[in-house]
Amino acid sequence: MRNYWDYIKVEELLSLQGGFDNDESKLSNDEVVFIVVHQVYELWFKLILRELETARDLFRQNPVPDMKLANAATSLRRVVALFEQAVPHFRVMETLTTRDYLDFRDRLIPASGFQSAQMREIEILLGLDDNLRIPLGREGSYMAALRSSDGSASPALARVEHRRESGPSFKAVLYDWLSRTPIDGPATQESAERFARAFIAGHEKEIENRIQLAKQNALTPDDIARLEQRYRAEIKFAERFLQAEDEEGLDDEARAFRRRLRAAIVFLESYRELPRLAWPREVIDLVIAVEQQMIIWRQRHARMVERVIGRRTGTGGSAGVDYLDQTALRYRIFNDLWAVRTILLRKPSVPLLSHEDEYRFRVED
Ligand code: HEM
Ligand SMILES: N[C@@H](CC(=O)c1ccccc1NC=O)C(=O)O
C-alpha cells in the first residue's frame, strides 16, 4: 500500500541529524538545530539548481522556443520564492546564542559552509566569473576547499567539477539569446547600433526638457550649469555603455556582441508593452530578482554570522564576516542587466520605432 512514510522517506530523513559521529543522542538541541538548518538550506539549494538548470537548458536552444518563455519565467519565479523563503530561515539559527554555539564550534574546524558544493554549483550555473572570487585565505582556490584535509577528492569536489563541465552557464546562454533580439527590424549589428544612436538622441531630448524645467523653476544660472553638467555626464555614461567602451580588452567581435546585448536589454525595457517583447522583458526582470535575492541571502547570512560569532576568523579559515560582506558586495553576475536601469528614459523620450507593428500579435484578417 502506498503511504506517506515510504514516499517521503521520513525514517531515513530523520536518521540524518547525527553529525560527524552519526549519533544524535550525543548532541545538544543547539547542535541539532545547527545541522537541521543547514540540511534545509541544502534541500532549498537542490530545488534552486533544478529550476536554474531547466531555465539554462531552455535558453541553450537556438532558436529559443518563444512558447517556452512562460515556462522559463515560472522556473525563475520559483527560484526567487525559494531564496525569499531561505533568507528569513536564518532567524532559527539566531536562536543559537554565541556561548551555546561555542560549546561545539571548535569540533567543526575546518568544516565550513565554504564547502557547500550546491552553493558553488548555483554560482557556477548562474555564471559567476571565477576572477571575481575572493580567496578564502587558507586554500588557493575555492575548489581546493572542497578537497578532504589530506588533499584527496570528495563528493563535494566531484559535484562542483561536474557542474563546471556540464555546459554553458545560464548567463552565457541568456546573453546569447538577448544578442539575437530583432531590434526595431532585423536582428543585425546595424539595427542594434542604429537603435542605440536613436536612444542617445532621446537622452539629448530629455536633457533639453529638464533644462527648460530648471529655468522655469527659476534655478540660478550656476545651479542650471551644474545640472546641465550632471546631465551631460549621464549621457556620456549612456554612450559609453551602449558602445561598450566601458569594457577593457574586448576584441571587435566581443565589443560588437556587448553592443547588441546592451541595445537589446534597453530595447526590451523601453518597449515592454509591445506584446512580443512582454515575455522576454519579464524573463530579464526575473533574472534581476534572482540575483537580488542571492545578494540578500549573502547579506542575511553575514548578519547572522556577525550576531553569532562576531568578527572572529571562520572555521574555514576566512576573515569571517569581513570576507562574507565582501562577497555580498563584489559577487555580481548580471552587471549588464543591472546597469541598464541607470540609462532608461521616460516613455515620452524613447525613440519612435519604424517597425512597431512587427512586435504586436498579428490578428489574421
Ligand atoms: C552559526 C551559523 C553559521 C556561522 C557562524 C557561519 C559562518 C560562516 C563563515 C565564517 C563563513 C566564511 C568561511 C569560513 O571561514 O568558514 C561561512 C561561509 C559560508 N556559509 Fe556559513 N555560517 C553559519 C551558517 C550557515 C548556514 C546555515 C548556511 C546554509 C547553507 C551557511 C552557508 C555558508 C556558505 C554557502 C558559505 C560560503 C560563502 C561564500 O564563500 O560565498 N552557513 N559561514
Ligand atoms: N564557518 C563557520 C562554521 C560553520 O558555520 C559551519 C561548520 C560546519 C558546517 C557548516 C557550517 N556552516 C557555515 O559555514 C564558523 O566559522 O563558525
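Ligands are counted one by one from 1 in listed order, and the atoms in each one are counted from 1 as well. Just so it is clear, the values below take in all heavy atoms, side chains as well, and ignore hydrogens, waters and symmetry mates. The first residue of the sequence shown is numbered 1, and numbering continues consecutively from there.
Nearest protein heavy-atom contact of atom 1 (N) of ligand 2 is T315 OG1, 2.8 Å.
Contacts between Q115 and ligand 2, counted as non-hydrogen atom pairs separated by less than 4.0 Å, are absent for every part of the residue.
Within ligand 2, the atoms closer than 4.0 Å to a non-hydrogen atom of L108 are 7 (C), numbered from 1 in the order shown. Within ligand 2, the atoms closer than 4.0 Å to a non-hydrogen atom of G314 are 16 (O), numbered from 1 in the order shown. Near H38, meaning under 4.0 Å from one of its heavy atoms, ligand 2 places the atoms 10 (C), 11 (C), 12 (N), 13 (C). In the vicinity of Y101, heavy-atom distances shorter than 4.0 Å reach the ligand 2 atoms 2 (C), 3 (C), 4 (C), 5 (O), 15 (C), 17 (O). Residue contact check: A111 has heavy atoms under 4.0 Å from atoms 7 (C), 8 (C) of ligand 2.
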What short N/O contacts, under 3.5 Å, does ligand 1 make with the protein, listed by atom pair and distance?
unit_1: ligand 1; atom_1: 15 (O); unit_2: G316; atom_2: N; d: 3.3
unit_1: ligand 1; atom_1: 15 (O); unit_2: S318; atom_2: N; d: 3.0
unit_1: ligand 1; atom_1: 15 (O); unit_2: S318; atom_2: OG; d: 2.7
unit_1: ligand 1; atom_1: 16 (O); unit_2: S112; atom_2: OG; d: 2.7
unit_1: ligand 1; atom_1: 16 (O); unit_2: G316; atom_2: N; d: 2.9
unit_1: ligand 1; atom_1: 20 (N); unit_2: H301; atom_2: NE2; d: 3.0
unit_1: ligand 1; atom_1: 22 (N); unit_2: H301; atom_2: NE2; d: 3.0
unit_1: ligand 1; atom_1: 40 (O); unit_2: R120; atom_2: NH2; d: 2.6
unit_1: ligand 1; atom_1: 40 (O); unit_2: Y323; atom_2: OH; d: 2.4
unit_1: ligand 1; atom_1: 41 (O); unit_2: R298; atom_2: NH1; d: 2.9
unit_1: ligand 1; atom_1: 42 (N); unit_2: H301; atom_2: NE2; d: 2.9
unit_1: ligand 1; atom_1: 43 (N); unit_2: H301; atom_2: NE2; d: 3.1

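Ionic pairing of E253 and R258 is not present here: no N-O contact between side-chain nitrogen and carboxylate oxygen is shorter than 4.0 angstrom.
For Q212, the CD atom is densely surrounded, since the number of other residues' heavy atoms within 6.0 Å is greater than 12. Open room surrounds CZ on R99; 12 or fewer heavy atoms of other groups in view lie less than 6.0 Å from it.
A donor and an acceptor atom, one from each side chain of S148 and D150, are nowhere located under 3.5 Å apart.
Using cut-offs of 30° and 60° for the angle between ring planes, the H203 and F199 rings count as perpendicular.
For the pair R262 and F241, the cation sits on the ring face: its NZ or CZ lies under 6.0 Å from the ring centre, inside 45° of the axis. Note that R298 lies outside the cation-pi zone of Y331, set by a 6.0 Å cut-off to the ring centre and a 45° limit from the axis.
Remark: ligand 2 and G113 share an N or O pair separated by less than 3.5 Å (distance only, no angle test).
How far CG of D336 is from CD of E247: 6.5 Å, rounded to the nearest 0.5 Å.
Residues passing the salt bridge (charged side-chain N to carboxylate O under 4.0 Å, His left out) test with E269 are R281, R341, sequence neighbours excluded.
Between the choices Y41, F34, Y323, F104, the shortest heavy-atom distance to atom 5 (O) of ligand 2 belongs to F34.
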Can you list the steps and then say if D325 with R303 is a salt bridge (charged side-chain N to carboxylate O under 4.0 Å, His left out)? CA-CA 9 Å; D325 277 331; R303 297 293 63 80; 2.9 Å; yes
